[in-house]
Structure formats: C-alpha cells, structure tokens
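Quick notes on the structure that follows.
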2 protein chains.
Amino acid sequence: MKLDEIDVQILKMLQDNGKRSYTDIAQQLDVSEGTVRSRINRLLKEGVFEFIIHMDPNKIGLNVQVIIGIKTKLGHQEAIAAHLNDYPEVRFVGAFSGHHDLILQAYFKNNEDLVNFLNKELAKLEGIVAADVSIELKQYKDSFSYMIQEQD
Amino acid sequence: MKLDEIDVQILKMLQDNGKRSYTDIAQQLDVSEGTVRSRINRLLKEGVFEFIIHMDPNKIGLNVQVIIGIKTKLGHQEAIAAHLNDYPEVRFVGAFSGHHDLILQAYFKNNEDLVNFLNKELAKLEGIVAADVSIELKQYKDSFSYMIQEQD
DNA sequence: TTTGAAAAATGCGAAGC
DNA sequence: GCTTCGCATTTTTCAAA
C-alpha cells in the first residue's frame, strides 16, 4: 500500500465532491487525465476508497437513529457481530475496548420498529449480557472528509 | 419532500454503485435518461443524498478509530458539540438520550494523537463531566445501503 | 415532468515515450 | 509510469409534447 502526494491530492479533491471528473482533477493537479484515471483505478482496486452515495436517513423515512452498546459473554462476541451484520437496519458494527464489547449503529422507520428490533431480534441472540440503547436526538456532524496521510 | 417509486429505485441503484450512469439507470427502469437526470438533480437539491467517496481509514493512515461517549453538564451540550465539530479528527457528533449526552466518532493516525486529543483538546472544553473512550478493535460492518421508504 | 436529438464534455484503450 | 490521440460513451442543453 503506497500513497504518494498525487494520490493524496486526488483523494482530497474527490472527498470534496465525489462527482469530479478525471479531466477536472488533472487540470488542478497539473498532470494528465490518464494519470488521474490510472491512479483512481489503482486506488479502487486496492480498496483505498469507493464511490458511494450518502443518503440523509431522515429524508428517506428512517427517522429513528440509534447507537447501541452491547456487553457480551466471553466467547460470544464474534457470533453476535456476525448475526447483527445480517440486519439491514444495522449500518455499523464494531468490536471495541471499553465498557461495551460491541457497538452498533442502526436506523429505523419509527419507534415501533426499534422496539421490535430490541425485543424480537436482539433479545433472541445468545450471549448478550446487556444492551445500552442511545437514541439520537440531534446530529451535529457526519463527515466523510478525513485527514489523509501519505503512505509507503 | 416526496419520493415516489422511481426515486426509490434510482436511489437503490445508486447505493449499489455510486458511479452508475444516467443511461444505465434509465435502461433498467425503462424510463428516459432525462427523467433519471432530472430526478437525481431534484434529489440532490433537496439534500436527499450526495455523491461522496468512502475511504478505508486504515488505508489512508488513520489506524486508531474510537467512539467516545460524553456526559455533559446541563446547558453545555450544544456548545461542546459545536466545538467538537471543528476538529477534523472528529467525523461524527450527535446528541443522544441514554447514558451519554453526546456520542462522537473520531479517527487518529496513532495512539499518541488520540491521547493528545483527549488530554489537550477534550480536557479543555468546559462542561464535560465524563468521557468514555472505546477503541475499535475490529470492524464488522460499515454499510451505506439503507432501507429506503417512499415518502409523500 | 418527460422525451428526443444535437452539441459539448468526459471516459476509454492503445501506442509511444 | 506518464502522456497523447482518436473513438465511444455520457452528460448537458434545449425545444416540444
């Protein structure tokens, strides 16, 4: 995995606007369109980034957003994470150090769907000791512009 | 805000692959290219979604990812959230019900940068009662494909 | 709004440096 | 690995239904 300065610049331009054209980026960086194209293809192939769309959950009818911290029985963490993966309502799952072994983020249409998820789905998973549900009241930031470092 | 079935289908195709062309989408949905384009532009203007790139933090040198739950003094929440917003390391901030008033997600180059953030930046913000730091050990899911509902 | 057709811009593949 | 040059595809614009 290598990222030189041109790669970093390309990524910075794309994280500004995922629809920027090769030509546009090439002109700003003073390289050819072909260079930008081949580098973007390399970065995609290496899994450094991907082109996606980011939807506003509230505007597509997902009005209840939660973060749930889970304490698991020793040895059950991996299996629980794998199960959580299958729910389309769950958009993020990670294993963490700290008070919760697993932390997940999930989006629901309404409170009823959330309650059903907690009582019918989460409750039936083996090895969950405790689940801390935090309901999002207001979102202040949700950015995808990271600080990119050169790599070698 | 209205989303009919065609809008939903367009979004579903785009969340599959953010680089799909108008032409491609139009053919699959059996409408004209112009229809797809005008709808995408409407959805963009209304802030329903945006074209972005999603980078793998580990592959751009951000190897330490954390979620921090913060308990704030009554009345300080809004100001603290606003300050957290300014840090490029912080990618998500939300106000929540539950054990933590604010929950944030942040990405750092290494543990030293994390410790500096906690001790030098977070520590100087007024009104923080407690901060629960959870360090990500393994990521199981990080999806941007949501369940899209029609709206009216 | 949606369509269709023409013009402009962008993307793609190949060859040469 | 970078560039340039044709050609293909896509995007954009605009008039009309």
Side-chain angles (χ1 to χ4, degrees), chain A residues 1-62 144-152, chain B residues 1-56 58-61 144-152:
Chain A
M1 179 65 46
K2 292 194 176 192
L3 288 190
D4 67 12
E5 202 189 316
I6 294 178
D7 294 326
V8 171
Q9 292 302 321
I10 290 173
L11 289 170
K12 281 187 180 170
M13 296 201 65
L14 283 174
Q15 72 178 358
D16 224 47
N17 171 6
K19 273 244 131 163
R20 277 238 168 82
S21 69
Y22 299 146
T23 321
D24 177 13
I25 297 171
Q27 282 167 355
Q28 307 265 351
L29 302 185
D30 241 318
V31 294
S32 76
E33 174 270 335
T35 299
V36 173
R37 180 154 42 100
S38 67
R39 281 163 178 262
I40 286 181
N41 285 327
R42 196 195 82 238
L43 295 170
L44 288 170
K45 202 174 66 187
E46 289 176 351
V48 175
F49 81 99
E50 53 185 351
F51 290 102
I52 66 165
I53 63 167
H54 178 231
M55 288 171 282
D56 180 335
N58 291 302
K59 295 195 174 160
I60 57 169
L62 297 170
F144 297 93
S145 293
Y146 310 151
M147 292 185 306
I148 309 162
Q149 332 276 329
E150 291 189 35
Q151 304 284 115
D152 48 25
Chain B
M1 177 69 45
K2 291 194 176 192
L3 288 190
D4 67 14
E5 202 188 317
I6 295 178
D7 294 326
V8 171
Q9 291 303 323
I10 291 172
L11 289 170
K12 281 188 180 169
M13 295 202 64
L14 283 175
Q15 73 177 358
D16 224 46
N17 171 7
K19 275 247 129 161
R20 279 237 168 82
S21 71
Y22 301 144
T23 321
D24 177 11
I25 297 171
Q27 282 166 356
Q28 308 265 351
L29 301 186
D30 241 319
V31 293
S32 78
E33 174 272 335
T35 299
V36 173
R37 181 156 37 86
S38 67
R39 280 160 179 268
I40 286 181
N41 286 329
R42 196 195 83 237
L43 294 170
L44 288 170
K45 201 174 67 184
E46 289 177 350
V48 174
F49 82 99
E50 53 184 350
F51 289 103
I52 66 165
I53 63 168
H54 179 231
M55 289 172 280
D56 181 336
N58 291 301
K59 294 196 174 159
I60 57 168
F144 296 93
S145 292
Y146 310 151
M147 292 185 307
I148 308 162
Q149 331 277 329
E150 292 189 34
Q151 304 285 115
D152 47 26

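In this text, all values refer to a predicted model and were calculated from it rather than measured experimentally. Order of the sequence lines fixes the chain letters, A, B, ..., with proteins taken first and strands second; residue numbering starts at 1 for each chain.
Applying the salt bridge (Lys or Arg N to Asp or Glu O under 4.0 Å) criterion to D24(A), with sequence neighbours excluded, gives R20(A). Judged as a ring-ring contact (aromatic ring centres under 6.0 Å, His included), and not counting sequence neighbours, the contacts of F144(A) are H54(A), F144(B). Applying the salt bridge (Lys or Arg N to Asp or Glu O under 4.0 Å) test to R37(A) and every residue at least two apart in sequence or in another chain returns E33(A). Residues satisfying the side-chain hydrogen bond (donor to acceptor under 3.5 Å, both in side chains) criterion with N58(A), sequence neighbours excluded, are Q65(A).
T35(A) places none of its side-chain heavy atoms less than 4.5 Å from the side chain of L29(A). Side-chain contact between L3(A) and L43(A): present, with at least one pair of heavy atoms (C-beta onward) separated by less than 4.5 Å. Between L44(B) and F49(B), the closest side-chain pair of non-hydrogen atoms falls below 4.5 Å. The closest side-chain heavy-atom distance from T23(A) to Q27(A) is below 4.5 Å.
Using five terminal pairs a side, the axes of the helix from dT1(C)-dA17(D) to dC17(C)-dG1(D) at its two ends make an angle of 30°, given in steps of 10 degrees.
When each of dT3(C), dT3(D), dT2(C) is scored by its nearest atom to the side-chain atoms of S38(B), the top-ranked nucleotide is dT2(C).
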Only distances under 3.5 Å count here; give the side-chain donor-acceptor pairs of residues 145-152 of chain B to other protein atoms, sequence neighbours excluded, each with its distance to 0.1 Å.
residue: Q149(B); atom: NE2; partner: M147(B); partner atom: O; Å: 3.3
residue: Q151(B); atom: OE1; partner: G61(A); partner atom: N; Å: 3.4

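Within residues 42-56 of chain A, no residue is approached by DNA chain C to less than 4.0 Å at the level of any non-hydrogen atom. DNA chain C lies under 4.0 Å from no heavy atom of any residue of residues 11-21 of chain B.
Within the structure, side chain to side chain donor-acceptor pair (under 3.5 Å) pairs that include any residue of residues 43-53 of chain B do not occur (at least two apart or interchain). The salt bridge (Lys or Arg N to Asp or Glu O under 4.0 Å) contacts involving residues 2-15 of chain B comprise D4(B)-R39(B), D7(B)-R39(B), D7(B)-R42(B), where partners must be two or more places apart or lie in separate chains.
Atoms NZ (K2(A)) and P (dG1(D)) sit 10 Å apart, rounded to a whole Å. We find that CG of D7(A) is positioned 12 Å from C1' of dG1(D), with the value rounded to whole Å. Here dG11(C) presents its C1' atom at 11 Å from CD1 of I40(A), a figure rounded to the nearest Å. At whole-Å resolution of the value, CG in D24(A) and C1' in dA9(C) are 12 Å apart. In this structure, CG of L29(B) is placed 16 Å from C1' of dT1(C), rounded to the nearest angstrom. In this structure, CG of D4(A) is placed 8 Å from P of dC2(D), rounded to the nearest angstrom.
Considering CD1 of I25(B) and CG of D30(B), their distance stands at 14.0 Å, rounded to 0.5 Å. With values rounded to the nearest 0.5 angstrom, M1(A) atom CE is found 11.0 Å from I60(B) atom CD1.
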Between the protein and nucleotides 13-17 of chain C, list the N/O to N/O atom pairs that are separated by less than 3.5 angstrom.
residue: dG13(C); atom: N7; partner: R37(A); partner atom: NH1; Å: 3.2
residue: dG13(C); atom: O6; partner: R37(A); partner atom: NH2; Å: 3.0

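The two residues V36(B) and I10(B) have their closest heavy-atom pair at CA-CD1, 4.1 Å.
Phosphate contact (OP1/OP2 of dA9(C), side-chain N/O of T23(A), threshold under 4.0 Å): absent. For Y22(B), a side-chain nitrogen or oxygen approaches OP1 or OP2 of dT12(D) to under 4.0 Å.
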